[in-house]
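Letters A, B, ... are given to chains in the order of the sequence lines, protein chains preceding strands, and every chain is numbered from 1.
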2 protein chains.
Amino acid sequence: MSSSTPHSPHTQRDLKKARTRRALLDAGLELLEEQSLSSIGLREITRAVGISPAAFYRHFRDVADLGVALVEESLGTLHAVIQAGLTERSEDGERIDHLVDAIARFVREHPEHIRFVVRERHGGVAAVRTAIGTQLDRFAEEVAGALARDEVSRGWSAEDLRMLGETYVDHMVMTASAFLEAAQGEGPPEDVVAYTARRQLRLISLGRRHWISDPASPAP
Amino acid sequence: MSSSTPHSPHTQRDLKKARTRRALLDAGLELLEEQSLSSIGLREITRAVGISPAAFYRHFRDVADLGVALVEESLGTLHAVIQAGLTERSEDGERIDHLVDAIARFVREHPEHIRFVVRERHGGVAAVRTAIGTQLDRFAEEVAGALARDEVSRGWSAEDLRMLGETYVDHMVMTASAFLEAAQGEGPPEDVVAYTARRQLRLISLGRRHWISDPASPAP
DNA sequence: GCGCTCGGCGCACAACTGTTTACTGAGGCC
DNA sequence: GGCCTCAGTAAACAGTTGTGCGCCGAGCGC
């Protein structure tokens, strides 16, 4: 858990505190560009911010603690995008295009956030790992809920919807990661990534349309 | 690149060298259980093996260098499993079951290998990241090639087959990761993971069967 | 205005890091 | 059998690390 986080920064002292807290988070996010959380030093962060090492403890117990705070932040912004995408209603082909575009745009606007999530999702810090895991689980649940309100989902069991939701979330994260790599020239260029992502979504959409929830082989 | 790796350890001196090299790799793999490569210290590794820090340089230039060597190793064993799975011929339902079982078995036998791959695939060490990336790309290519020799793939464009191959490889890696988390009690239990993985494969298989390669919207 | 709160500082601590140097000694080669 | 190769050693190097302590001093509530 994060240390004391004033919900209402009325006084100008709390405001100042919130500001250096932000600076710490930003510095951590930036340092994560070329290493992983478990190798970032506390001093390294404070040095980047310009405060003394001891001051770090006024905001976080740990570097891992800061990491957990970053999870809230990064996945909070992603959450907004997801919900926006879920409420959107349009024909299937367009919908896929819009979704892929939305992901591309998000990566362009918040590259550090998705880098952090992708890198630490299976990273070396257990607390951060599980924080990301439970958060993505919630996303999958939400997506499943939205899918249930879809005419195509007639006859789908709750478990199958959940499975589909996970598939979409995982695909989204991987696509975002691919876009990020494209942006830093580490993989195929952006348009190729988008083209692949669209076809993969089409594949899933096709499988979805011909799916039959099979009561003969239930959950274990 | 890795430092000198004797291909023919004839002499008992080269044999001894190969043995401590193995010990270094194993130690690294074990230390990776609870941290990521970029935070592992050279001294930490040599301490675990029981040799002096300086001796490390006789085998690797870097910890990153050792990481690249681990990529070859880990993905080499995975490669064998994939090829075995590709040559197997059976009815669709069975095939999926066998594939998922094969993944589960592999994770049970080589947990450290897949932990390493999953953790460092998007990890903080660029050299290792790209090594894993190109390796997985080759896997996708191979899978695509095998899929092409399938009666279902009639009329599929090369690009679409490639896309499908990537989808399968990504799904395999993620499933392996989920199995690993199950094994260490960090996620849903093994049978649930298997159940989900099977249904996801069924979804893809369904989409595959109804796919039409669209010449009207070609690659960008 | 006074006393208290508390973010930030400076300093010290012991422990650790990667890398270099000159060395030893068992095994290889002819 | 004697020289040579070379994996591994011990010691020293200059940095770095996380954490604890006591102390400011600006801002707060009363």
Side-chain angles (χ1 to χ4, degrees), chain A residues 2-28 31-32 34-69 124-128, chain B residues 2-28 31-32 34-69 124-128:
Chain A
S2 288
S3 306
S4 59
T5 309
H7 276 258
S8 47
H10 293 106
T11 100
Q12 73 180 96
R13 202 150 65 163
D14 288 341
L15 208 141
K16 165 96 173 174
K17 171 160 185 178
R19 227 180 292 132
T20 78
R21 185 188 140 99
R22 262 250 54 82
L24 285 169
L25 291 169
D26 287 341
L31 287 171
L32 261 139
E34 36 202 34
Q35 62 190 308
S36 29
L37 187 65
S38 73
S39 69
I40 294 188
L42 179 154
R43 289 181 111 107
E44 207 174 347
I45 300 176
T46 58
R47 198 182 312 130
V49 172
I51 63 175
S52 87
F56 181 90
Y57 296 104
R58 304 286 185 199
H59 302 270
F60 304 100
R61 206 179 304 115
D62 242 0
V63 179
D65 190 24
L66 182 147
V68 174
V125 182
V128 173
Chain B
S2 288
S3 305
S4 59
T5 308
H7 275 258
S8 47
H10 295 106
T11 99
Q12 75 181 95
R13 201 148 67 164
D14 287 343
L15 207 143
K16 164 92 173 177
K17 172 161 184 176
R19 227 181 291 132
T20 80
R21 187 188 139 98
R22 263 250 56 81
L24 285 169
L25 291 169
D26 288 341
L31 287 170
L32 232 45
E34 36 202 34
Q35 63 189 307
S36 30
L37 187 64
S38 72
S39 69
I40 294 188
L42 177 155
R43 287 183 112 106
E44 207 173 346
I45 300 176
T46 58
R47 197 184 311 129
V49 172
I51 63 177
S52 89
F56 181 91
Y57 295 103
R58 304 286 184 200
H59 302 269
F60 304 100
R61 206 180 302 118
D62 244 356
V63 178
D65 190 24
L66 182 146
V68 174
V125 183
V128 172

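The side chain of B:Ser52 lies closest to D:dT9, out of D:dC28, D:dT9, C:dC9. When each of D:dA7, C:dG8, D:dA26 is scored by its nearest atom to the side-chain atoms of A:Arg13, the top-ranked nucleotide is D:dA26. Side chain of B:Ile51, nearest nucleotide from C:dG28, C:dG8, D:dT9: D:dT9.
Rounded to an integer number of Å, the gap from A:Phe56 CZ to D:dC21 P is 19 Å. Residue A:Gln35 contributes atom CD, which lies 13 Å from atom C1' of D:dT17 at whole-angstrom precision. B:Leu15 has its CG atom 17 Å from the C1' atom of D:dT5, to the nearest Å. Between B:Gln12 atom CD and D:dC6 atom P the separation is 16 Å, expressed in whole Å. Rounded to whole angstrom, the span from the CD1 atom of A:Ile45 across to the P atom of D:dT19 amounts to 12 Å. Residue B:His59 contributes atom NE2, which lies 8 Å from atom C1' of D:dG8 at whole-angstrom precision. When rounded to the nearest whole Å, the span between NZ of A:Lys16 and P of C:dG8 equals 7 Å. Rounded to whole Å, the distance from NZ on A:Lys17 to P on C:dT5 is 15 Å.
For the side-chain contact (heavy atoms from CB on, under 4.5 Å) with B:Val125, the lone residue among B:Leu37, B:Asp62, B:Ile40, B:Val68 that qualifies is B:Leu37.
Distance check: A:His59 NE2 to A:Thr46 OG1 gives 11.0 Å after rounding to the nearest 0.5 Å. The CD1 atom of A:Ile45 sits 9.0 Å away from atom CG of A:Leu25, with the distance rounded to the nearest 0.5 Å.
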Q) If you write DNA chain D from 5' to 3' in dot-bracket form, with Watson-Crick or G-U pairs under 3.5 Å, [ ] for crossing pairs and | for pairs with another strand, what do you get? A) |||.||||||||.|||||||||||||||||

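The shortest distance between side-chain heavy atoms of A:Leu42 and A:Tyr57 falls below 4.5 Å. Contact of the B:Phe60 side chain with the B:Arg21 side chain is registered, since non-hydrogen atoms from C-beta on lie closer than 4.5 Å. Residues A:Leu24 and A:Ile51 have side chains in contact (heavy-atom distance under 4.5 Å, counting atoms from C-beta outward).
Using modelled atom types, no side-chain atom of A:Ser36 and backbone atom of A:Ser38 make a donor-acceptor pair closer than 3.5 Å.
Within the 4.0 Å cut-off from OP1 or OP2 of C:dG8, at least one side-chain nitrogen or oxygen of A:Thr20 is found.
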Sub-3.5 Å pairs of nitrogen or oxygen atoms, protein against nucleotides 17-24 of chain C:
unit_1: C:dT17; atom_1: OP1; unit_2: B:Arg47; atom_2: NH2; d: 3.0
unit_1: C:dT17; atom_1: OP2; unit_2: B:Arg47; atom_2: NH2; d: 2.8
unit_1: C:dG18; atom_1: OP1; unit_2: B:Leu42; atom_2: N; d: 2.6
unit_1: C:dG18; atom_1: OP2; unit_2: B:Leu42; atom_2: N; d: 3.3
unit_1: C:dG18; atom_1: OP2; unit_2: B:Arg43; atom_2: N; d: 3.0
unit_1: C:dG18; atom_1: N7; unit_2: B:Arg43; atom_2: NH1; d: 2.4
unit_1: C:dG18; atom_1: O6; unit_2: B:Arg43; atom_2: NH1; d: 2.9
unit_1: C:dT19; atom_1: OP2; unit_2: B:Tyr57; atom_2: OH; d: 2.6
unit_1: C:dT19; atom_1: O5'; unit_2: B:Tyr57; atom_2: OH; d: 3.0
unit_1: C:dT19; atom_1: O4; unit_2: B:Arg43; atom_2: NH1; d: 3.4

